[in-house]
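Along the sequence shown, residues are numbered consecutively beginning with 1. All values reported here derive from a predicted model rather than from experimental measurement.
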Amino acid sequence: DLNMSVIQKCKLFRSLLMEGKKLDGMLNQEIADHVLVQVVTNLTREVYLPGDIIIQQGETGREMYFLIKGDVAVEKMIKFDEKGSPVIKRLVVLHEGTYFGELALLRGNKDNTARRAASIVAVTNCDVRIFHRDDFNRVCDDFPQLRVYLQSEAEKKYAGFKKEADKKDSPMMKVKKSPPNAGNVPPPLKPMSKVRSLAAKLRSSKKSLTLPSTLAAGSTTNTSRSLL
């Protein structure tokens, strides 16, 4: 079944569904619909508790994440103190609807993975969807416009992070890794015709769409991971 609640909560998914032809001229609506199906079909679900490290700075990046519910902090180790302990600076807090971790996938390729530039730590209970590198590369091979769009958005987003961090003195802290938690895998999407029909309804109405109960997504359990 098609999990429209996930699509509606994530800004990128909403943009693909309702404004694909407006995304910097890089995607038309037909391509955007196909990209949306390919991405959402391959997502897995994981749940994190406050303090859990979702991404660890310095580790290789094999996934990107979509934050469906909760808040996460972007943190970066800036130095070691006199005792040899890492000093961590909190750069920004991200809220539900955002996504992160795509930078390592964009910088890497099929044979090499890039290192994580910062850590992501759960501030509250977090429900996320994960897009794995192999699926990311496959979709980008089929639809290179997605890579171009994400690269453009990443440059603007991380420039904003740096600007925000420079405006204030962020609190310092130490990172502690928490045990993994259980998550779930959503089922496959409905056929392309169903997505196009829903997209047309959403684009033609300013009111929120009330979806049939048959579109509620089910899920199965996965194990939490610390890589971004």
Side-chain angles (χ1 to χ4, degrees), residues 3 6 10-13 16 35-49 51-77 86 88 91-92 94 96-123 126-155 157-158 161 175-189 219-228:
N3 192 341
V6 169
C10 180
K11 181 179 178 181
L12 175 62
F13 297 156
L16 288 172
V35 169
L36 178 64
V37 171
Q38 291 300 311
V39 173
V40 179
T41 299
N42 287 286
L43 295 179
T44 58
R45 182 188 182 195
E46 305 217 7
V47 176
Y48 296 90
L49 299 178
D52 283 353
I53 297 179
I54 302 173
I55 291 173
Q56 178 66 63
Q57 180 181 347
E59 294 183 340
T60 55
R62 296 185 176 91
E63 303 93 1
M64 68 177 292
Y65 296 76
F66 298 92
L67 184 59
I68 304 304
K69 184 178 181 180
D71 299 330
V72 299
V74 181
E75 298 178 357
K76 190 175 183 67
M77 188 189 76
I88 306 300
L91 303 179
V92 68
L94 304 178
E96 65 178 55
T98 59
Y99 61 92
F100 51 88
E102 76 284 5
L103 201 58
L105 301 187
L106 292 169
R107 288 177 173 174
N109 55 46
K110 293 180 180 178
D111 302 314
N112 299 299
T113 54
R115 298 281 178 177
R116 298 296 189 185
S119 295
I120 303 290
V121 181
V123 177
C126 292
D127 181 8
V128 303
R129 299 299 187 275
I130 302 175
F131 195 30
H132 297 275
R133 186 185 68 163
D134 290 344
D135 295 322
F136 175 86
N137 287 331
R138 179 176 53 76
V139 173
C140 287
D141 285 344
D142 292 338
F143 303 99
Q145 298 92 336
L146 176 61
R147 186 183 294 274
V148 173
Y149 175 69
L150 289 176
Q151 184 65 56
S152 173
E153 290 299 296
E155 291 171 359
K157 181 168 70 173
Y158 290 102
F161 288 175
V175 170
K176 214 181 262 188
K177 200 174 223 181
S178 300
N181 298 292
N184 297 312
V185 181
L189 285 176
S219 55
T220 56
T221 300
N222 262 338
T223 302
S224 293
R225 304 180 61 176
S226 300
L227 297 178
L228 180 82

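From Leu12, atom CG reaches atom CG of Leu150 across 6.0 Å, with rounding to the nearest 0.5 Å. Taking CD of Glu46 as the reference point, atom CD1 of Ile130 lies at 3.5 Å (rounded to 0.5 Å). In this structure, CE in Met77 is found 5.5 Å from CD in Gln57, a value given to the nearest 0.5 Å. Between Glu102 atom CD and Phe131 atom CZ the span is 12.0 Å, to the nearest 0.5 Å. Rounded to the nearest 0.5 angstrom, Glu63 CD and Asp135 CG are separated by 10.5 Å.
Listed by chain and number, the residues in a salt bridge (charged side-chain N to carboxylate O under 4.0 Å, His left out) with Asp71 amount to none (sequence neighbours excluded).
Contact record, Asn42 with Gln38: ND2-O, 2.7 Å, taken as the closest heavy-atom pair. For Val72 against Cys126, the heavy-atom pair with the smallest separation is CG1-SG, 3.6 Å. The shortest heavy-atom contact between Ala118 and Lys76 is CB-CB, 4.5 Å. Minimum interatomic distance between Gln56 and Ser119 (heavy atoms only, all atoms of both residues): NE2-OG, 3.5 Å. Here the closest heavy-atom approach between residue Ala104 and residue Gly61 is recorded as CB-CA, 3.8 Å. The shortest non-hydrogen separation linking Ala154 to Leu106 is CB-CD1, 4.2 Å.
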- Val74 vs Phe100, side-chain contact (heavy atoms from CB on, under 4.5 Å): CA-CA, chis, key distance, verdict: CA-CA 9 Å; Val74 181; Phe100 51 88; over 6 Å; no
- Message: Does His132 form a side-chain contact (heavy atoms from CB on, under 4.5 Å) with Thr44? I'd like the steps, not just the answer.
- Response: CA-CA 9 Å; His132 297 275; Thr44 58; 3.3 Å; yes
- Could you go step by step and tell me if Ile53 and Tyr48 meet the side-chain contact (heavy atoms from CB on, under 4.5 Å) rule? CA-CA 8 Å; Ile53 297 179; Tyr48 296 90; over 6 Å; no
- Message: Under the criterion side-chain contact (heavy atoms from CB on, under 4.5 Å), I'd like the reasoning laid out for Val39 against Leu146: C-alpha separation, chi angles, the key distance, then a yes or no.
- Response: CA-CA 10 Å; Val39 173; Leu146 176 61; 4.2 Å; yes
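In summary, Arg138 and Asp141 do not engage in a salt bridge, as defined by a charged side-chain N under 4.0 Å from a carboxylate O.
For the pair Asn137 (side chain) and Asp134 (backbone), a donor-acceptor distance under 3.5 Å is absent. Between the side chain of Arg115 and the main chain of Gly58, a donor-acceptor pair closer than 3.5 Å is present. Proximity of a side-chain donor or acceptor of Glu75 to a complementary backbone N or O of Ile120 within less than 3.5 Å is not detected. Without hydrogens or angle criteria, Thr98 side chain to Leu94 main chain gives no donor-acceptor distance under 3.5 Å.
Using cut-offs of 30° and 60° for the angle between ring planes, the Tyr99 and Phe66 rings count as tilted.
Remark: of the listed residues Val128, Val6, Leu43, Val6 is the sole one forming a side chain to side chain contact (heavy atoms under 4.5 Å, CB included) with Ile68.
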